[in-house]
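Computed from a predicted structure; not experimentally measured. Chain letters run A, B, ... following the sequence lines, proteins first and then strands; every chain starts at 1.
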There are 2 protein chains.
Amino acid sequence: MPKVVDPEARRREVAEAVFRVVRRHGLDQASLRNVAAEAGLAIGSVRHYFADHDELLRFALEELTDRLERRVLAHVARARSATTRDERVRAVEDLLGELLPLDPDRRDESEIWLAFTTAARTRSTLRPAARRLHEGMRVLVGKVLAESGVPDAGVETERLTSLLDGLAVNGVLHPDLTTPDVMRAVLRRHLASLVDG
Amino acid sequence: MPKVVDPEARRREVAEAVFRVVRRHGLDQASLRNVAAEAGLAIGSVRHYFADHDELLRFALEELTDRLERRVLAHVARARSATTRDERVRAVEDLLGELLPLDPDRRDESEIWLAFTTAARTRSTLRPAARRLHEGMRVLVGKVLAESGVPDAGVETERLTSLLDGLAVNGVLHPDLTTPDVMRAVLRRHLASLVDG
DNA sequence: AATAACCTAGCACGGATGTGCTAGAAAGAG
DNA sequence: CTCTTTCTAGCACATCCGTGCTAGGTTATT
């Protein structure tokens, strides 16, 4: 028998390499060769774990989705257990802040999210995964608003979803203008305007 | 002397070809060969008007900026001449709506904008032009808010700018969910919440 | 120690890309 | 008609890409 290697762990390692390449040089540059080099593997090794270049990118996007989902779900539990209204508002703020590039880790994730999401427009094999990610975020925002008793959930869900996406985009593309402090202030203002009516 | 050809007009024609390719297949596919084929020219002809592949893309982005600017400026004049408050609100709505993919033409423009803007993150030669485009939009939004007497212009400018960008992104990437009607409703709601306080 | 299974490495092919050059076509000026 | 300048077309080269294959290495079990 061969050297025992957890194949799923390997796949995740390769996905990490994809993320680093995408972050530094863009999704175009996430070729098998570049990713293999970044992962410290031979191109043949990468292809042993992924049948296809497409499958590699698809897996990376799903990996990103999983990670985001896990992080957000932890906050959901915390938000539900909030007692005072102030505590609850703060919990919602933190929860939605997980979707913004507020610190280096989340900034990395947002950069990767933006690259994959926009690429999915013309790369049809990425569309289903990108779609699931978007819908997940959308229903999350919808639930948060509904549970907070905000009326007119349809329009407000779209408004908050698009605001968060726009903040993430500008936080990634123009970090000197859309700084973490600015993003937090905008999010706080928006939430306040929702509860005040 | 040769066949007289207005070189600027030719450059703009080629830029149009770039737009069509980007819209259909993404910025990655806007190679000299693909663009030349789309424009019905030989690759050598395209290179006669553009020294570089970089220069071609840069020119296309600047062309997009010019076009957008021209369209928006027309609305600015109209908004300034509004008399009643109702008329003014509607003018502002139309003005900002020019930045959203509300009809096929603007949808095309938004798709191209998104492709170039996000590509500028890793393609350094596109950054200056993308930056100017973003700042132009930002000061426009700032002026609109200031002239409408909205307080706290800093945060509100960022909030509305990011909302518009987010709507454009989702209008392009998820047109079945973020439909023109939804975008209009969101924009209207946001503007209303600003003037009511 | 021998075997069999898994993993790694890499060659080879066809295709695409940007760019440097060169040859020729088109058409107003003399 | 002829010259001269502008424009068009396209070849050639080095580089990178995804993928089909194959050969070699590594190691737990027998």
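Comment: Asp152(A) does not engage Arg159(A) in a salt bridge, judged by the lack of any side-chain N to carboxylate O separation of less than 4.0 angstrom. Ion pairing between a basic and an acidic side chain is recognised when a charged N comes within 4.0 Å of a carboxylate O; Arg90(B) and Glu93(B) show no such pairing.
Between Leu56(A) atom CG and dG18(D) atom P the separation is 9 Å, expressed in whole Å. Glu13(B) places its CD atom 14 Å from the C1' atom of dC7(D), with the value rounded to the nearest Å. Spacing between atom CG of Asp28(A) and atom P of dG18(C) amounts to 12 Å, rounded to whole angstrom units. Going from atom CZ of Arg123(A) over to atom P of dC17(D) covers 13 Å, rounded to whole Å. Nucleotide dA25(C) holds its P atom 19 Å from the CG atom of Leu41(B), rounded to whole Å. Per the geometry, NE2 belonging to His48(A) stands 19 Å off P belonging to dG18(D), to the nearest Å. As a whole-Å value, the separation of His25(B) NE2 from dA16(C) P is 13 Å. Straight-line distance from the CD atom of Gln29(B) to the P atom of dG18(C): 10 Å, rounded to whole Å.
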Enumerate, atom names and distances included, each donor-acceptor pair closer than 3.5 Å involving a side-chain atom of residues 37-45 of chain B, sequence neighbours excluded.
residue  : atom : partner  : partner atom : Å
Glu38(B) : OE1  : Arg24(B) : NH2          : 2.4
Glu38(B) : OE2  : Arg20(B) : NE           : 2.6

List, one per line, each side-chain donor-acceptor pair under 3.5 Å for residues 60-69 of chain B, sequence neighbours excluded.
residue  : atom : partner   : partner atom : Å
Glu62(B) : OE2  : Arg132(B) : NH2          : 3.2
Thr65(B) : OG1  : Leu61(B)  : O            : 2.9
Arg67(B) : NH2  : Glu16(B)  : OE2          : 2.7

Please produce a list of atom pairs where a protein N or O lies less than 3.5 Å from an N or O of nucleotides 19-23 of chain C.
residue : atom : partner  : partner atom : Å
dT19(C) : OP1  : Asp52(B) : OD1          : 3.2
dT19(C) : OP2  : His53(B) : N            : 3.0
dG20(C) : OP2  : Arg47(B) : NH2          : 3.3
dG20(C) : N7   : Arg47(B) : NH1          : 2.7

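Remark: Glu98(A) engages Arg71(A) in a salt bridge (charged side-chain N to carboxylate O under 4.0 Å, His left out) (not counting sequence neighbours). Partners of Arg23(A) according to the salt bridge (charged side-chain N to carboxylate O under 4.0 Å, His left out) rule, which considers only residues two or more places apart in sequence or in another chain, are Asp108(A). Remark: Asp54(B) engages no residue in a salt bridge (charged side-chain N to carboxylate O under 4.0 Å, His left out) (not counting sequence neighbours).
Between dC17(D) and Ser31(A), a contact under 4.0 Å exists linking OP1 or OP2 to a side-chain N or O. Between Asn34(A) and dC16(D), a side-chain N or O to OP1/OP2 separation shorter than 4.0 Å is absent. For the OP1/OP2 pair of dA9(D) and a distance below 4.0 Å, the side-chain nitrogens and oxygens of Ser45(B) include at least one atom meeting the criterion.
For Tyr49(A), the side-chain atoms get nearest to dC7(C) when compared with the rest of dC7(C), dC7(D), dA9(C).
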